[in-house]
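To find a chain, count down the sequence lines: A is the first, B the second, and so on, and within it residues start at 1.
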Amino acid sequence: MSETITIRVLRYDPDKDAEPRFEDFIVPYRDEWVVLDALAYIKEALDPSLAYRGSCHMAVCGSCGMMINRQPKLACHSFIRDYRGQLVTVEPLDHFPIERDLIVDQDDFIEKLTSLYPYLVTEHDKPLSEGPNLQSPAELAAFRPFTQCINCLLCYAACPQVAINEAFVGPAALAIAHRYNKDSRDSGEELRSEVTDSHHGVWDCTFVGACSEVCPKNVDPAAAIQRTKISASFRWLKERLLPGGTS
Amino acid sequence: MTRRPYVRPLHPHWWLRDRRQFLYILREGTSVFVGLYSAILMDGLIRLAQGRAAWESYLAALSSPLGVTVQVICLAFTIFHAVTWFGVTPKAMPPLLVKGEPIPARTIIRGHFILWAVLSLAVLLVLGG
Ligand code: SF4
Ligand code: FES
């Protein structure tokens with residue numbers, strides 16, 4: 001018999017299961033397969049009811065985040081050859097409610113992200129006739145790495161603060177806020193500071209650094225959050241020390 | 001089709017199950033020893049203010065086997081604490097640009113170690129000399 005590998009999948013059917021349960025599937029071993037391919041094989045050949053998300057197959061869409069052997073990973077970026085001879089355990093991302101099988105409920109994240117004005121906020125509409133907004137390479141470099149986020153939420157699954165504190169806005173949302181704050185065309189930092197500077201914004205972060213370690217796009221949310229802490233502290237001081245502050 | 005999202009309870013030993021989380025809790029835990037040593041130093045100041053006899057007994061307590069053991073443990077944990085924090089400092093600083101290029105994280109971390117060594121040597125020289 002040709003080589004196989006066992007994929008242990010956490011299954012949950014809200015219509016039938018009181019709680020999630022593991023199910024083992026034996027799939028062919030292929031050197032060039034990623035875990036996402038193995039899941040596709042299971043769905044096509046073994047159990048069409050398996051639910052998971054995935055699309056681009058190239059670490060761009062951010063939809064295939066899951067726990068693979070307890071580590072938050074993109075299923076399209078995890079070769080099964082790296083797990084050769086092992087049992088591969090696949091679970092939905094930690095710290096999110098499970099919708100069905102490997103699919104998690106992301107509503108809470110979307111709400112948090114939306115509260116941060118995740119787009120360019122401009123003071124006034126600039127007419128087209130004024131031409132484009134030019135940016136120097138240095139201005140671009142200030143925020144460029146933070147534009148790479150694909151909302152895969154691996155960072156949320158890695159973060160112990162997210163685990164113990166539901167209200168924490170979390171790494172990716174704060175990294176995206178930082179991305180716009182550092183953009184020379186943006187003037188929404190004040191608006192975002194309502195959330196970023198609040199207790200459940202950057203101050204819930206205890207600088208574990210796990211988010212940056214697991215990020216498949218090298219976004220470095222931990223850096224974004226620590227830098228926002230510095231700006232938040234300055235804003236706090238300014239409000240109290242300068243005339244015209246609120247208190 | 002019903003929606004009935006299932007919230008998995010946090011594993012009771014979540015920080016023991018993962019190397020990364022374990023190191024984080026260890027780093028946080030070491031601050032207890034940093035605090036303990038600060039308290040010992042504060043106590044020294046108080047004893048010094050109380051006069052010669054108090055100060056001498058403080059020194060004697062420090063050089064007792066128990067005192068030395070406590071200090072060695074504090075030193076070990078404080079070094080671990082410092083090293084872990086040096087490792088993350090590049091993330092806490094705004095990117096420093098030299099000729100338009102950000103200084104690599106490794107250089108910043110090394111800088112901290114060098115500064116640490118220089119300061120420790122200076123303190124040793126001043127106190128020892
Ligand atoms: S910051 Fe990185 S890990 Fe977090 S959602 Fe974005 S790409 Fe994924
Ligand atoms: S399938 Fe798009 S990121 Fe994995």
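- Other residues, nucleotides and ligands contribute more than 12 heavy atoms inside 6.0 Å of the CZ atom of B:Arg17.
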| query | What's the verdict on side-chain contact (heavy atoms from CB on, under 4.5 Å) for A:Thr206 and B:Tyr24, showing C-alpha distance, side-chain angles and the deciding distance? | reply | CA-CA 10 Å; A:Thr206 49; B:Tyr24 158 62; 2.8 Å; yes
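- Taking the side chain as every heavy atom from C-beta outward, A:Val214 and B:Arg20 approach each other to under 4.5 Å.
- Proximity to chain A is limited to the backbone of B:Pro90, based on heavy atoms less than 4.5 angstrom apart.
- Counting non-hydrogen atoms of other residues, nucleotides and ligands closer than 6.0 Å to CZ of A:Phe168 gives a total above 12.
- The number of heavy atoms from other shown groups lying within 6.0 Å of NE2 (A:His200) is above 12.
- We find that A:Glu91 and B:Arg8 are joined by a salt bridge, their nearest charged nitrogen and carboxylate oxygen being less than 4.0 Å apart.
- For the pair B:Tyr6/A:Pro97, no side-chain contact is recorded, criterion being any heavy-atom separation below 4.5 Å from C-beta on.
- The contact between A:Glu19 and chain B is made by backbone and side chain atoms together, counting heavy-atom distances below 4.5 Å.
- A donor-acceptor pair is defined here as one N or O able to donate and one able to accept, closer than 3.5 Å; such a pair exists between the side chain of B:Arg4 and the backbone of A:Asp17.
- Put simply, the side chain of A:Pro14 does not reach to within 4.5 Å of the side chain of B:Arg3, judged on heavy atoms.
- A:Ala141 does not touch chain B: none of its heavy atoms, backbone or side chain, sits under 4.5 Å away.
- How far CZ of A:Phe207 is from OG1 of B:Thr89: 8.0 Å, rounded to the nearest 0.5 Å.
- In terms of non-hydrogen atom pairs under 4.5 Å with chain B, the most contact-rich of A:Gln71, A:His95, A:Lys182, A:Lys229 is A:Gln71.
- Shown here are the ring pair (Phe, Tyr, Trp, His ring centres under 6.0 Å) partners of B:His112, two or more places apart in sequence or in another chain: B:Phe86.
- Residues B:Pro5 and A:Glu99 come closest through the heavy atom pair CG-OE2, 4.0 Å.
- Only the backbone of A:Ala18 comes within contact range of chain B, with at least one heavy atom under 4.5 Å from a heavy atom of that chain.
- When the salt bridge (Lys or Arg N to Asp or Glu O under 4.0 Å) test is applied to B:Arg110, no partner is found at least two apart in sequence or on another chain.
- Residues B:Lys91 and A:Asp220 are in side-chain contact: their nearest non-hydrogen atoms beyond the backbone lie under 4.5 Å apart.
- A donor-acceptor pair is defined here as one N or O able to donate and one able to accept, closer than 3.5 Å; no such pair exists between the side chain of A:Arg227 and the backbone of B:Ala92.
- By the neighbour-count criterion of 12 heavy atoms within 6.0 Å, atom CZ of B:Phe113 is densely surrounded, having more than that number from other residues, nucleotides or ligands.
- Residues A:Asp94 and B:Trp14 fail the side-chain proximity criterion, which asks for heavy atoms closer than 4.5 Å.
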